[in-house]
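Here's the structure we're looking at; comments come further down.
Scope of the values below: all heavy atoms of this structure, side chains included, with no hydrogens, waters or symmetry mates. Treat the numbers as computed from the prediction; the structure is a model and nothing was measured.
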Amino acid sequence: MLSWLSTRRSVRAFRADPVGREVLERVMEAATTAPSNTNRQPWRFAVVTSASRRRDIATAVRERAEEMKAIIRRGHHAEDFGNYGDFFHEPLESAAAIVVPQYREYPDLIANLLESGGANPKDFHTASAMQAELCSTSAACMALLLQAHAEGLGACWMAGPMVAKDRIGALLDIREPWRMVGAIALGWPAEEPKRQPRKGLERVVNWFEDTPGGGETP
């Protein structure tokens, strides 16, 4: 399993072949297996295969990115930004499907219970402190990416399309309380990206273990 997980890549270029509805349904079914706080399943997904709507989404992101690029060019960081904005829309332009994940927040019931008991909810940390609904939807996106990988699809979960959040929201009827969580470009891969370096465990994991002498590390 671990070796298979390490073969997943973020694919940004796709062949023109369509992705069948049955394949997409398995990918989306996988997304819904993710864990969520109190099983609220606070997610939903817009799956766009319509050629005209995919083009509209990609155009919205490209135009917004170019607008930002023109503004940045007037400052002192034009070289820093360069053509980085192209990454915001290029994968969308060749993807056979664009998935736009969304999440919504729910009332903090524990906070309400604390308040009903006479406490100030601000004196306590509850699930809202970890943005539980956003975390759950992120887990759903990861399950989606893994199923896409298992199907032989390429996929790239992108934050860049957020620059056109309002226009994409209008195109896909995304309204409050739903919030967009980037976009996922899906399709049959036209590239084999190299494995990107990963931080070693020594940089991202702190172990708290018992020692043979009865103490504890660190």
Side-chain angles (χ1 to χ4, degrees), residues 1 4-61 87-106 131-162 164-191 193:
M1 179 70 174
W4 179 78
L5 287 173
S6 69
T7 63
R8 188 197 62 78
R9 302 284 186 274
S10 290
V11 175
R12 294 179 171 82
F14 306 95
R15 304 199 309 264
D17 311 84
V19 179
R21 174 68 179 261
E22 66 282 4
V23 176
L24 290 173
E25 287 185 355
R26 287 196 296 271
V27 169
M28 300 317 303
E29 186 78 24
T32 64
T33 67
S36 63
N37 57 313
T38 60
N39 196 29
R40 277 176 168 155
Q41 303 174 54
W43 49 63
R44 73 177 190 180
F45 307 87
V47 182
V48 185
T49 57
S50 157
S52 61
R53 198 154 303 214
R54 282 187 284 122
R55 188 166 52 249
D56 289 345
I57 292 171
T59 299
V61 176
F87 289 108
F88 296 177
H89 57 86
E90 284 181 344
L92 302 176
E93 290 171 347
S94 63
I98 298 172
V99 179
V100 177
Q102 302 145 57
Y103 79 100
R104 58 156 299 171
E105 294 181 343
Y106 285 87
Q131 295 183 277
E133 291 89 354
L134 175 58
C135 292
S136 299
T137 305
S138 298
C141 289
M142 188 64 203
L144 183 160
L145 294 175
L146 291 176
Q147 182 64 29
H149 182 43
E151 299 281 355
L153 290 167
C156 185
W157 185 13
M158 309 156 61
M162 293 301 291
K165 180 172 73 71
D166 292 344
R167 283 179 62 182
I168 294 174
L171 286 167
L172 303 180
D173 194 27
I174 300 172
R175 291 177 286 182
E176 289 290 338
W178 295 98
R179 299 182 185 182
M180 177 179 158
V181 192
I184 299 172
L186 272 176
W188 302 111
E191 63 174 9

Rounded to the nearest 0.5 Å, the CE atom of Met162 sits from the CD1 atom of Ile168 at a distance of 8.0 Å
Nearest 0.5 angstrom please: Met158 CE to Glu90 CD, how far? 9.0 Å
Just so I know, are the side chains of Pro161 and Met180 near enough to count as touching, which here means a heavy-atom distance under 4.5 Å? yes
Side-chain contact test, heavy atoms from C-beta onward, threshold under 4.5 Å: evaluate it for Trp157 versus Ser138 and give yes or no. yes
Who passes salt bridge (charged side-chain N to carboxylate O under 4.0 Å, His left out) against Arg55, sequence neighbours left out? none
Would Arg53 and Leu172 count as a side-chain contact (heavy atoms from CB on, under 4.5 Å) if you check the C-alpha gap in whole Å, the side-chain angles of each, and the deciding distance to 0.1 Å? CA-CA 9 Å; Arg53 198 154 303 214; Leu172 303 180; 3.8 Å; yes
What's the spacing between Ile98 CD1 and Cys156 SG if we round to 0.5 Å? 12.0 Å
Testing the basics here: between Arg15 and Ala190, what is the closest heavy-atom pair and its distance to 0.1 Å? N-CB, 3.7 Å
I need the Leu24 CG to Leu153 CG distance, nearest 0.5 Å. 7.5 Å
Is any side-chain heavy atom of Tyr103 less than 4.5 Å from a side-chain heavy atom of Ser136? no
Has Trp188 got a side-chain atom pairing as donor or acceptor with Phe14's backbone, closer than 3.5 angstrom? no
All heavy atoms of Val61 vs all of Phe88, minimum pair found to be CG1-O, 3.2 Å
Can you list the residues that meet the salt bridge (charged side-chain N to carboxylate O under 4.0 Å, His left out) rule with Arg26, with sequence neighbours excluded? Glu151
Does Gln131, at its CD atom, have more than 12 non-hydrogen atoms belonging to other residues, nucleotides or ligands within less than 6.0 Å? no
Before you tell me yes or no, could you show the steps for Arg54 and Leu92 under side-chain contact (heavy atoms from CB on, under 4.5 Å), namely the whole-Å CA-CA distance, both residues' side-chain angles and the distance that decides it to 0.1 Å? CA-CA 7 Å; Arg54 282 187 284 122; Leu92 302 176; over 6 Å; no
CD1 of Ile57 to CZ of Arg167: how many Å apart, nearest 0.5 Å? 11.0 Å
Rounded to the nearest 0.5 Å, the CZ atom of Phe45 sits from the CD atom of Gln102 at a distance of 8.5 Å
With side-chain contact (heavy atoms from CB on, under 4.5 Å) as the test, would you mind laying out the steps for Leu146 and Trp4 before giving the verdict? CA-CA 10 Å; Leu146 291 176; Trp4 179 78; 4.0 Å; yes
State whether the number of non-hydrogen atoms from other residues, nucleotides or ligands found under 6.0 Å of Glu29 atom CD is greater than 12. no
Between Ile174 and Trp178, what is the shortest heavy-atom contact and its length? CG2-O, 3.9 Å
Should Thr49 and Pro18 count as side-chain neighbours, where that means a heavy-atom distance under 4.5 Å? no
side-chain hydrogen bond (donor to acceptor under 3.5 Å, both in side chains) against Glu105, all qualifying residues, sequence neighbours excluded: none
Of the non-hydrogen atoms in Ala13 and Ser94, which two are nearest, and what is the gap between them? CA-OG, 3.9 Å
How close do Ala34 and Ala139 get, counting heavy atoms only, and between which atoms? CB-C, 3.7 Å
Looking only at non-hydrogen atoms, find the nearest pair between Arg40 and Glu133 and report the distance. NH1-OE2, 3.9 Å
Does Arg175 form a side-chain contact (heavy atoms from CB on, under 4.5 Å) with Asp173? I'd like the steps, not just the answer. CA-CA 6 Å; Arg175 291 177 286 182; Asp173 194 27; 2.9 Å; yes
Indicate yes or no: at least one non-hydrogen side-chain atom of Ser36 is less than 4.5 angstrom from one of Pro42. yes
